[in-house]
Amino acid sequence: MQKKIVDLRSDTVTKPSPAMWNALKNLDNTALGDDVMQEDPTVSELEKKAAQLVGMEAALFVTSGTQGNLISILANTTPGEQILVEEHTHIFNYEVGGAARIGGLTVRPFSSDHGQFDPKDLKRLISDHSDVHEARTTLLCLENTHNSHGGTILPPSLFQASRVFADEHNLKIHLDGARIFNAAVRLGIPVTEFTQYADSVQFCLSKGLACPIGSIIAGTREFIEKALKFRKLLGGGWRQAGILASMGLVALESPWIDRLAEDHALAKLLWNELNSLELPIKVLEPETNMLMLELLPEIPCEMSDFIQKLNSVGILAFVDRNRVRFVTHFGLTEDDMHYSAQQIGDVIRSVLR
Ligand SMILES: *Cc1c(COP(=O)(O)O)cnc(C)c1O
């Protein structure tokens, strides 16, 4: 028998749902067209639905979250300006420095308390160009849920305060909402409780929403017009992308979005089980679908060795800032959580000996 594998590396490993496969199979040529010429009706339908959902004028279907963030940053700024990002954000650490390299921007990181901060404290980072030395600050990027802080939620109040601050200083706000629906579902509020405070938003279809490929960016019509050009520049002008958009349409239906609560429940289950092991580990209580596990000094094991040992018993995970990150997602079951907790416990006991 093949060894059981539980893949907790990311929610990007998800495969399409049966309803997505059905939507794909039910397509015919009339549902497809050349999207560079904006002639793919399925893509247009997805963009319309996505814009409505996040309460923006218009939306654009793009290849990935990284591309969506970069396009949004480019469309919101002019080379030579400065943008503000929290120091552990995806934009700052995991997007190949695109904002600096391609956008010609100074990317200024600021620290936070596990992702939470008071926008007023950013005042010292704002420069308005009146000083000959300074690059003008024009954009604040927010990430929600915050990946590297463990899928934590920035509350609507932080967004509201950011908006007030941004208006005072003439900044735009871009929301990297790769997992914004996880935040909305967890708080039981519409996603517009966050997006109403942003000028642009990016969210991923290819993570917890389980589509194979794609992200959405949304904002004003003017923003999307600029974004279209930047998408083309970055090689993201695609043709009969309705093939992918058909699955995106399924993903944006409310029962499917609400399904994210199941991922959150699985993360909570795994957290409970790991805590009951009574081992020298610290596991942060998950707010959404991510779990961060820290090995306490009593455990004499390098993080890379630990991950390898987990892999060898079929538990797949990534390291993030010296913690093991487990991500729950579509396709996993409660049994997978029981099994994982047991295997993780066995690995820890084996290195303690
Ligand atoms: C995954 C992720 C992205 C990038 O998405 P890709 O589709 O992998 O390029 C951006 N921001 C956050 C917070 C993410 O977790």
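Order of appearance sets the numbers: ligands from 1, and atoms from 1 within every ligand. Residue numbers run from 1 in the order of the sequence given.
Looking from atom 9 (O) of ligand 1 to the surrounding protein, the closest heavy atom is T66 OG1, 2.6 Å. Closest to atom 6 (P) of ligand 1, if we only count protein heavy atoms, is G65 N, 3.4 Å. Atom 11 (N) of ligand 1 has its closest protein heavy atom at D176 OD2, 2.6 Å.
For W256 and F330, the gap between ring centers is short of 6.0 Å.
Side-chain atoms of T333 and D336 include a donor-acceptor pair closer than 3.5 Å. Side-chain polar atoms of H174 and S200 form a donor-acceptor pair below 3.5 angstrom.
Classification of R163 and D167 as a salt-bridged pair holds, one side-chain N sitting under 4.0 Å from a carboxylate O.
Taking only nitrogen or oxygen atoms, main chain and side chain alike, T145 does not reach within less than 3.5 Å of ligand 1. Geometrically, ligand 1 and E143 share no nitrogen or oxygen pair separated by less than 3.5 Å. An N or O contact shorter than 3.5 Å links N147 to ligand 1 by distance. Residue R179 has at least one nitrogen or oxygen atom sitting less than 3.5 Å from a nitrogen or oxygen atom of ligand 1, judged on distance alone. Every N/O-N/O distance between A178 and ligand 1 stays at or above 3.5 Å.
Using a 4.0 angstrom heavy-atom cutoff, H146 does not count as in contact with ligand 1. The shortest heavy-atom distance from Q67 to ligand 1 is not under 4.0 Å.
In this pair, F61 and W238 present their aromatic rings tilted. The plane angle is within the 30 to 60° band.
Of the listed residues (E95, K207, H90), the one carrying the non-hydrogen atom nearest atom 2 (C) of ligand 1 is K207.
Listed here is the closest heavy atom pair of I216 and A50: CG2-CB, 3.7 Å.
Linking ILVMFWY side-chain heavy atoms closer than 4.5 Å, directly or via other members, places L279 and Y339 in a single hydrophobic cluster.
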